[in-house]
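Just so you know, ligand 1 is whichever comes first in the structure, and atom 1 is the first atom listed for that ligand. Count residues from 1 along the sequence.
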Amino acid sequence: MPLRSCISKLKRDLPIFLVIVATFVVSGGVILLVAPSPSLIASASRETPLSFASVSKNISSAKWNTLSGGMPQLVGHRGEKAFMPEHSLGSYWQAALEGADYIEPDLGLTKDGHLVVNHNEYLGETTNIASIEPLAYLRTNKTWVDDTTGMNQTVTNEWFISDMTLEQVKMVRINQDAKYPWRPQHFNGFFSVLTFEEYLQTILNLTNALKRPFGVIPELKSPKLYNRGRVYDRYFEDRAILTMEHYGWANITRWINRELHADLNLQNISDAIAGLQRGPSAWQSFDLDTARYLAQHTDTPVVALVEKLPWAYTPKGLDQIAQFAKIVSSWKDVYLAGPAAYLQSSGISWDDSEIAKMGGFIRAKDLPREIHSRGMEMSPYTFYDSHQDMGYLCSDISSTAFCPRNRKEELFYFFELGVDYLFVENIVEASMLRLEYDNTLK
Ligand SMILES: *[C@@H]1O[C@H](CO)[C@@H](O)[C@H](O)[C@H]1NC(C)=O
Ligand SMILES: *[C@@H]1O[C@H](CO)[C@@H](O)[C@H](O)[C@H]1NC(C)=O
Ligand SMILES: *[C@@H]1O[C@H](CO)[C@@H](O)[C@H](O)[C@H]1NC(C)=O
Ligand SMILES: *[C@@H]1O[C@H](CO)[C@@H](O)[C@H](O)[C@H]1NC(C)=O
Ligand SMILES: *[C@@H]1O[C@H](CO)[C@@H](O)[C@H](O)[C@H]1NC(C)=O
Ligand SMILES: *[C@@H]1O[C@H](CO)[C@@H](O)[C@H](O)[C@H]1NC(C)=O
């Protein structure tokens with residue numbers, strides 16, 4: 001079985017995996033992170049909890065500007081993709097060892113109805129699929145709706161998850177995306193693409209090993225593509241909901257046709273992990289119809305991903321989003337450059353009179369107050385590792401306004417604003433900076 005071979009490979013390489021020494025430059029100083037040895041983990045899981053893994057919302061009594069007043073939560077973006085091939089067993093373990101509060105999976109659906117974890121709807125960028133001869137015939141072009149804009153997009157010469165069986169998906173191995181050559185390449189080829197069930201089991205296994213719960217925050221990618229050709233048009237959403245329910249991360253609040261999903265055949269959860277405390281959960285989707293559906297059918301809070309929707313940054317737009325979402329998420333620069341400048345730079349156009357009717361664009365600095373006052377939280381993305389350009393508009397133009405020059409200035413700006421969740425890479429660095437900021441509040 002592919003998973004078993006992948007796990008035995010991980011076990012063989014666990015010593016190297018855990019002795020990753022990462023150097024992080026934080027505020028001019030150097031912080032060394034040495035991951036614990038396997039024997040420490042083994043003894044810790046039998047006896048006392050690991051102290052490094054206990055950062056929690058209320059570690060200080062200081063009042064943050066978040067909606068809850070507690071520390072903002074760090075979401076490991078695709079696990080820990082700064083160091084490990086994204087969405088792999090290694091990436092999720094690394095995120096947990098670095099103290100992430102939530103660990104993010106992106107969901108897709110195979111042709112034979114298995115939920116799998118991958119960011120893109122296709123596999124060419126992040127796996128070795130191009131070298132697998134028996135899968136060559138699957139390479140094709142596809143057009144579907146880009147959920148971020150509502151416009152059609154075409155991707156050419158790729159291998160699409162929705163065309164493949166689970167057996168075929170399991171033939172490939174995950175690699176670091178070639179766009180990031182500075183990232184460690186050591187684990188390329190080690191890990192298989194995981195099913196959503198394997199992701200959820202991993203979170204429980206991590207809870208068991210590290211004696212702390214982790215939040216799960218699945219994103220449903222391109223539901224209109226994944227629902228194409230299925231027996232009904234919420235097939236993808238319902239399979240995700242039923243799986244989350246089975247593992248204890250969602251309660252179903254409205255009727256779902258379970259009989260149509262009898263073939264899901266969800267695995268029995270072992271006694272060792274069945275009773276473990278579950279961390280919090282949230283759904284994410286750029287498709288707001290899907291986001292609304294998830295909110296109606298479960299009690300799990302929903303993150304509305306609204307990056308390129310001009311109306312979302314107006315008072316009336318936020319009122320509409322607040323009807324179903326508990327968290328609003330957009331590209332981080334919206335909170336610095338402001339909605340209009342960001343949208344313009346992304347080539348998005350809007351009707352000024354429509355925006356004016358909805359109350360006009362909210363200014364960057366007023367967004368947190370406007371969002372919190374509607375009872376919603378904010379989760380901007382993505383806060384990259386320090387090797388990568390931060391990607392702010394202000395770094396390309398000469399501007400007298402504040403522009404972060406390094407990760408400390410960047411994160412401190414967002415901490416001050418009161419963002420509630422941050423999608424981060426190099427999680428330990430973000431975690432150190434969160435503690436440093438926390439100390440300034442005392
Ligand atoms: C957080 O607050 C709860 C309730 O006040 C308390 O029991 C717990 O020990 C606190 N945790 C930390 C890490 O301070
Ligand atoms: C996909 O698109 C490319 C570029 O437009 C084209 O050359 C190729 O023939 C197409 N492939 C298929 C399978 O249609
Ligand atoms: C997207 O493409 C489909 C068929 O390829 C078409 O029916 C639909 O109108 C297109 N949508 C947009 C927004 O262009
Ligand atoms: C979870 O842990 C159990 C027991 O060690 C193991 O059999 C299983 O393969 C693990 N699951 C995953 C997805 O790593
Ligand atoms: C599901 O409902 C139970 C009982 O009301 C509650 O304790 C639990 O927190 C809920 N789970 C989720 C994931 O919302
Ligand atoms: C789960 O356990 C039940 C009862 O022991 C068994 O009938 C069923 O086949 C098991 N399901 C799976 C997926 O193994």
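When each atom of ligand 2 is checked for a heavy atom of Thr156 under 4.0 Å away, the hits are 2 (O). In summary, the atoms of ligand 4 found under 4.0 Å from a heavy atom of Glu198, numbered by their order in the structure, are 13 (C). Residue Asn205 has at least one heavy-atom neighbour below 4.0 Å for each of these atoms of ligand 4: 1 (C), 2 (O), 3 (C), 8 (C), 10 (C), 11 (N), 12 (C), 14 (O). Atoms of ligand 2 found under 4.0 Å from any heavy atom of Asn141 (numbered from 1 in listed order, with element): 1 (C), 2 (O), 3 (C), 8 (C), 10 (C), 11 (N), 12 (C), 14 (O).
Classification of the Trp182-Tyr180 ring pair by plane angle, with boundaries at 30° and 60°, yields perpendicular. Ring-plane geometry between Tyr226 and Phe236 is classed as tilted, the angle between the planes lying from 30 to 60 degrees on a 0 to 90 degree scale. Using a 30° and 60° split on the angle between ring planes, Tyr437 and Phe415 fall in the tilted class, from 30° to 60°.
A salt bridge is defined here as a Lys NZ or Arg NE, NH1 or NH2 lying under 4.0 Å from an Asp or Glu carboxylate O, and Asp385 with Arg407 fails to meet this definition. Salt-bridge check for Arg139 with Asp163: failed, with every basic side-chain N at 4.0 Å or more from each acidic carboxylate O.
The residue from Phe414, Tyr335, Trp331 that alone fulfils the ring pair (Phe, Tyr, Trp, His ring centres under 6.0 Å) condition with Phe383 is Phe414.
Within the structure, every pair that satisfies the side chain to side chain donor-acceptor pair (under 3.5 Å) test and touches residues 249-258, not counting sequence neighbours, is listed here: Glu245-Arg258, Asn251-Asp299.
Within a 6.0 Å sphere centred on CG of Asp271, heavy atoms belonging to other residues, nucleotides or ligands number 12 at most.
For a heavy-atom separation below 4.0 Å, the residues in contact with ligand 5 are Trp249, Ala250, Asn251, Asp299.
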Stepwise, does the ring-ring contact (aromatic ring centres under 6.0 Å, His included) test hold for His261 with Tyr235?
-> CA-CA 9 Å; His261 298 281; Tyr235 186 82; 5.0 Å; yes
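For Arg139, no nitrogen or oxygen atom sits less than 3.5 Å from a nitrogen or oxygen atom of ligand 2, counting backbone and side chain alike. Residue Gln201 places no N or O, backbone or side chain, under 3.5 Å from any N or O of ligand 4.
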